[in-house]
Each structure stands twice: as structure tokens, then as C-alpha cells.
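A short write-up of the structure that comes next.
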Amino acid sequence: MEKQQRTPDRNLAMELVRVTEAAAISAARYMGTGNKEIGDQAAVDAMRAVLDTVDIEGTVIIGEGEKDEAPMLFNGEKVGNGHGPAMDIAVDPVEGTRLLANGTPNSIAVIAASAKGSMWVPEDSLYMQKIVVEERAKEVIDINASPAKNLSQIAKSLDRNVSELTVFVLDKPRHQNLIKEIREAGARITLHTDGDVMGALMAAIPGTGVDVLMGTGGTPEGVIAAAAVKALRGGMQGKRDPQLDYEKEELAKKGVDLAQVLHIDDLIRADDAFFAATGITEGSFLKGVHFDKIKGVTTHSIVIRALSGSIRLIEGSHALKRNLEFGAKGLQQAVKMASM
């Protein structure tokens with residue numbers, strides 16, 4: 001008899017937040033060390049260990065890279081304990097490795113999940129142009145329109161003036177013209193070196209101080225962000241925007257239409273999607289991991305489910321030993337912590 005496909009009948013994000021908490025705690029130990037790799041590896045180790053305790057048959061669609069480049073959480077890797085629904089999984093154990101290494105705000109640990117076969121696979125597309133807004137403005141955005149026109153339409157939808165809008169933009173040379181156009185339109189800008197998943201999250205949630213995300217960032221991050229935006233019922237559009245010669249050659253070789261607009265339902269095709277994120281370094285939206293002699297370790301996370309529209313902000317208090325070893329040596333402790 002053919003095996004029946006199981007669909008999630010629970011808020012899987014409530015279990016996935018244990019994964020991001022473990023990753024965040026493990027990575028936070030290396031805040032400000034100046035070393036991007038060591039904190040990221042600690043997060044990967046902890047995330048993988050705890051993910052294997054979750055009741056899913058998961059396949060990593062967005063991971064740390066191909067198998068020969070990443071020993072764990074590589075694209076195509078099977079995760080979960082195999083006793084639950086089949087799911088596509090997207091992870092970024094440390095979004096903002098440079099932020100973590102420098103001890104600057106807004107690095108987070110992120111995971112997203114949706115039903116098997118529903119998550120868009122970027123393949124050779126490494127960069128994507130994106131625009132993200134909250135639910136009230138989602139019908140008026142057009143990624144092919146000018147920043148000025150988009151901002152005018154968004155402002156009308158939010159019953160605001162353009163001068164009252166704040167746009168999240170990555171501070172990259174490729175955005176010089178975009179930044180100029182936004183300023184000429186009269187909107188305010190918040191520039192960030194990294195972290196456009198966090199930017200998309202803030203743009204999709206009313207009241208965060210960010211109204212719009214615009215610009216080009218990572219394509220994998222775009223898919224992860226799409227899970228959150230869909231769960232928040234926000235608006236998002238994207239277009240492949242290759243930046244590297246290799247990327248351009250591969251997409252041209254495959255005849256990929258760079259003009260194709262990717263809507264939220266193209267990026268996440270399932271009606272249900274799950275998203276969880278935990279702050280690593282201190283942020284304007286999610287607080288970072290705090291270590292305290294008395295309280296232990298405190299984490300701050302957001303958990304979202306698309307089907308129910310539920311959004312939870314969770315403060316976790318973890319009674320970990322002060323001499324805890326992080327990273328590969330701390331996997332047993334990470335699993336123990338996640339089961340509490």
C-alpha cells in the first residue's frame with residue numbers, strides 16, 4: 001500500500017523554536033571574537049543536533065551549501081527523527097555572521113518549514129531583488145515600478161506620508177542608485193550591512209519601525225523570509241538579480257528568465273508555513289542572548305504559523321551550567337536544553 005502523505009496537524013514552529021534557541025545560545029558565546037566561522041559552526045552543530053529530535057521527515061532545501069562545502073545542514077540533507085510529516089526545511093544558523101563576529105546588532109538564528117515540495121529551490125540563483133511590506137500594503141507593490149511609485153502607493157495604503165515611511169536597505173555599493181531614489185522620494189532609510197531576513201520580518205510586522213524592505217540580497221535568505229512574510233500575511237515580490245559572473249553564466253546557460261517576478265505563492269506554495277527566529281546579538285526587534293549568573297541564559301524569539309496566523313514572542317530562560325562548552329562539544333547539552 002502506498003504510504004499516505006501526512007500534513008502538519010500541530011504548530012510545528014513551537015518545536016522549531018527549540019532549534020533556533022539552541023543555535024543562538026551556541027553562537028552567542030563567540031560574539032565579538034572577530035571570527036565569522038567559529039560562531040557559525042557552533043550554531044550549525046547545535047541546530048543540527050536539536051533538529052534531529054523534532055518529529056518530521058525533513059529535507060534541507062536552503063542550507064549551508066552543497067554537501068562537499070558543508071558537512072552539516074547541506075542542501076538535500078535529511079533532518080528530523082523521521083516520525084512526522086514530510087517537510088521542506090530552510091535554515092540560516094546565523095543570519096549575519098559578520099554582525100556576530102563584530103558584536104553588532106541584529107544577528108539571528110532562523111528556520112522555516114513548509115510541506116514537502118512547496119519551497120522554491122534557488123539552484124544557481126544567489127542574489128534576488130526584493131520588496132516586502134505588511135498586509136495593508138501588499139496589493140499595491142510592484143517590483144518593476146520605481147521606488148518613488150512604490151513608496152507613494154505604500155504610503156497611501158498605510159494612510160501615511162512618504163516622509164513618514166522607513167525603508168530597510170542593505171548598505172552595499174550596488175544600492176547607490178536605490179538609496180538616492182528613496183531619498184529623492186522623501187522616505188527615511190535605515191542602512192544595515194547584513195541581515196535582510198530580519199529586515200523582511202520587520203517590514204511585514206506593523207509597528208517595528210520598518211515599513212518597507214527594498215533592494216538586492218541573498219536568494220536563499222529570500223526564500224526563508226518568504227515563509228515568515230506568508231505567515232504574517234504580508235506582501236513580497238522578488239526577481240533574480242545575479243551579481244557574480246559565475247551566477248550570470250549559469251543562469252544564462254539554463255535560459256532562466258531574469259524578468260520573472262516571483263510572488264509569495266511562488267516562493268512558498270503551501271497554504272501553511274512555519275517560521276522561528278531567535279536573537280543572537282542585541283537587536284531593535286529581537287533581543288540578543290543574555291548570560292546571567294543567577295538567571296542562566298535568556299533568549300528572545302518569534303514564532304509564526306501561516307495557517308492560524310498566530311504570532312508568538314517568546315522569552316526563554318535556560319538553566320544552563322556556566323561552564324557549558326558550546327559548539328560541537330556542547331551538542332548533548334543543546335539537545336537536553338531543547339527537550340526542557
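Panel note: side chain N150, backbone P147; no donor-acceptor pair is recorded below 3.5 Å. When atom types are taken as modelled, the side chain of R269 and the backbone of G117 share a donor-acceptor pair closer than 3.5 angstrom. No side-chain donor-acceptor contact under 3.5 Å links D211 to the backbone of V167. One N or O on the side chain of Q237 and one on the backbone of I143 form a donor-acceptor pair closer than 3.5 Å. In terms of modelled atom types and a separation under 3.5 Å, the side chain of R174 and the main chain of T216 share a donor-acceptor contact. Remark: the backbone N or O of E21 is not paired with any side-chain donor or acceptor of T299 at under 3.5 angstrom. In this structure, T281 contributes its side chain and S107 its backbone to a donor-acceptor pair below 3.5 Å. A donor-acceptor distance shorter than 3.5 angstrom exists from the side chain of S26 to the backbone of A22, with no hydrogens or angles considered. In this structure, the side chain of H192 does not engage the main chain of G199 through any donor-acceptor pair within 3.5 Å. A donor-acceptor pair under 3.5 Å links the side-chain atoms of T219 to the main chain of Y127, judged by distance alone.
If you take CG on N161 and NZ on K156, they are separated by 12.0 Å, rounding to the nearest 0.5 Å. Note that CG of D92 is 8.0 Å distant from CE of M47, once rounded to the nearest 0.5 Å. A distance of 9.0 Å separates NZ of K138 from CD1 of I264, quoted to the nearest 0.5 Å. We find the NZ-CD1 distance between K149 and I154 to be 12.0 Å, quoted to the nearest 0.5 Å. Here E135 contributes atom CD and L158 contributes atom CG; the two are 11.5 Å apart, rounded to the nearest 0.5 Å. Note that CD of E15 is 9.0 Å distant from CZ of F274, once rounded to the nearest 0.5 Å.
Residue I302 forms a side-chain contact (heavy atoms from CB on, under 4.5 Å) with just one option from I108, I205, V110, and that option is I205. When I141, L267, L262 are each tested for a side-chain contact (heavy atoms from CB on, under 4.5 Å) with M236, only one passes: L267.
For CG of D271, the number of neighbouring non-hydrogen atoms (other residues, nucleotides, ligands) closer than 6.0 Å is 12 at most. Sparse packing is recorded around CG of D159, with 12 or fewer heavy atoms of other residues, nucleotides or ligands lying under 6.0 Å away. Applying the 6.0 Å contact sphere to NZ of K287 captures no more than 12 heavy atoms from other residues, nucleotides or ligands. Enclosure of atom CD in Q176 is not indicated, since only 12 or fewer non-hydrogen atoms of other residues, nucleotides or ligands lie within 6.0 angstrom.
Between T59 and K78, the side chains place a donor N or O and an acceptor N or O closer than 3.5 Å (distance only, hydrogens not considered). Side-chain contact check for D55 and N81: at least one donor-acceptor pair (N or O, by modelled atom type) lies under 3.5 Å. No side-chain donor-acceptor contact under 3.5 Å links T190 and T166. No donor-acceptor contact under 3.5 angstrom links the side chains of N177 and E181, judged on distance only.
By the 4.5 Å heavy-atom criterion applied to side chains, M87 and V79 are not counted as neighbours. Using a 4.5 Å cut-off on side-chain heavy atoms (C-beta onward), R240 and Q260 make contact. Proximity of L51 to L73: side-chain heavy atoms (C-beta onward) are separated by under 4.5 Å at one or more points. Inter-residue side-chain proximity for I311 and F275 is flagged as unmet; no heavy-atom pair is nearer than 4.5 Å. Annotation: side chain of P93 is in contact with side chain of E64 (closest heavy-atom distance under 4.5 Å). Under the 4.5 Å side-chain criterion, counting only non-hydrogen atoms from C-beta, F168 is not in contact with M214. For the pair I62 and P122, the minimum side-chain heavy-atom distance is below 4.5 Å. Residues P242 and L258 are in side-chain contact: their nearest non-hydrogen atoms beyond the backbone lie under 4.5 Å apart.
Cluster membership check: V197 shares its hydrophobic cluster with I304, using side-chain heavy-atom separations under 4.5 Å among Ile, Leu, Val, Met, Phe, Trp and Tyr. Under the 4.5 Å side-chain heavy-atom criterion for grouping Ile, Leu, Val, Met, Phe, Trp and Tyr, I189 is not connected to L213 through any hydrophobic cluster. Cluster membership for L165 and L191, using ILVMFWY side-chain heavy atoms within less than 4.5 angstrom, is shared. Under a hydrophobic clustering in which Ile, Leu, Val, Met, Phe, Trp and Tyr are joined whenever their side-chain heavy atoms come within less than 4.5 Å, directly or via other members, I111 and L232 fall into different clusters. Hydrophobic clustering keeps V94 apart from L286 (ILVMFWY residues linked when any side-chain heavy atoms are closer than 4.5 Å, directly or through intermediates).
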Let me see the working for Q153 and D142 under side-chain contact (heavy atoms from CB on, under 4.5 Å), right down to the final yes or no. CA-CA 10 Å; Q153 293 294 101; D142 179 359; over 6 Å; no
Checking K116 against D88 for the salt bridge (charged side-chain N to carboxylate O under 4.0 Å, His left out) test, could you report, in this order, the C-alpha distance in whole Å, the side-chain angles of both residues, the deciding distance, and whether it holds? CA-CA 5 Å; K116 183 178 180 181; D88 287 346; over 6 Å; no
Apply side-chain contact (heavy atoms from CB on, under 4.5 Å) to residues N106 and E282 and explain how you reach the verdict. CA-CA 6 Å; N106 290 328; E282 201 70 8; over 6 Å; no
Would E247 and S125 count as a side-chain contact (heavy atoms from CB on, under 4.5 Å) if you check the C-alpha gap in whole Å, the side-chain angles of each, and the deciding distance to 0.1 Å? CA-CA 6 Å; E247 181 186 11; S125 179; 4.3 Å; yes
Using the rule given for side-chain contact (heavy atoms from CB on, under 4.5 Å), can you reason through R48 versus M72, listing the C-alpha separation, both sets of side-chain angles and the distance that settles it, and then say yes or no? CA-CA 7 Å; R48 182 63 166 81; M72 285 202 298; 3.6 Å; yes
Do D265 and K230 pass the salt bridge (charged side-chain N to carboxylate O under 4.0 Å, His left out) test, and can you show the C-alpha distance, the side-chain angles, and the key distance before you say yes or no? CA-CA 8 Å; D265 290 333; K230 182 157 191 171; 2.8 Å; yes
Tell me, with the steps shown, if H300 and T298 meet side-chain hydrogen bond (donor to acceptor under 3.5 Å, both in side chains). CA-CA 7 Å; H300 295 85; T298 303; over 6 Å; no
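The shortest heavy-atom contact between A90 and M119 is CB-SD, 3.7 Å. Between A28 and V289 the shortest heavy-atom distance is CB-CB, 3.6 Å. Taking both residues in full, the closest heavy atoms of N75 and G63 are given as OD1-N, 2.8 Å, listed atom of the first, atom of the second, then distance. The shortest heavy-atom contact between L100 and A27 is CD1-O, 3.7 Å. Closest heavy-atom contact between T278 and A24: CG2-CB, 3.5 Å. Taking both residues in full, the closest heavy atoms of L151 and V162 are given as O-CG2, 3.8 Å, listed atom of the first, atom of the second, then distance.
A salt bridge links K254 with D124: the closest approach of a Lys/Arg side-chain nitrogen to an acidic carboxylate oxygen falls below 4.0 angstrom.
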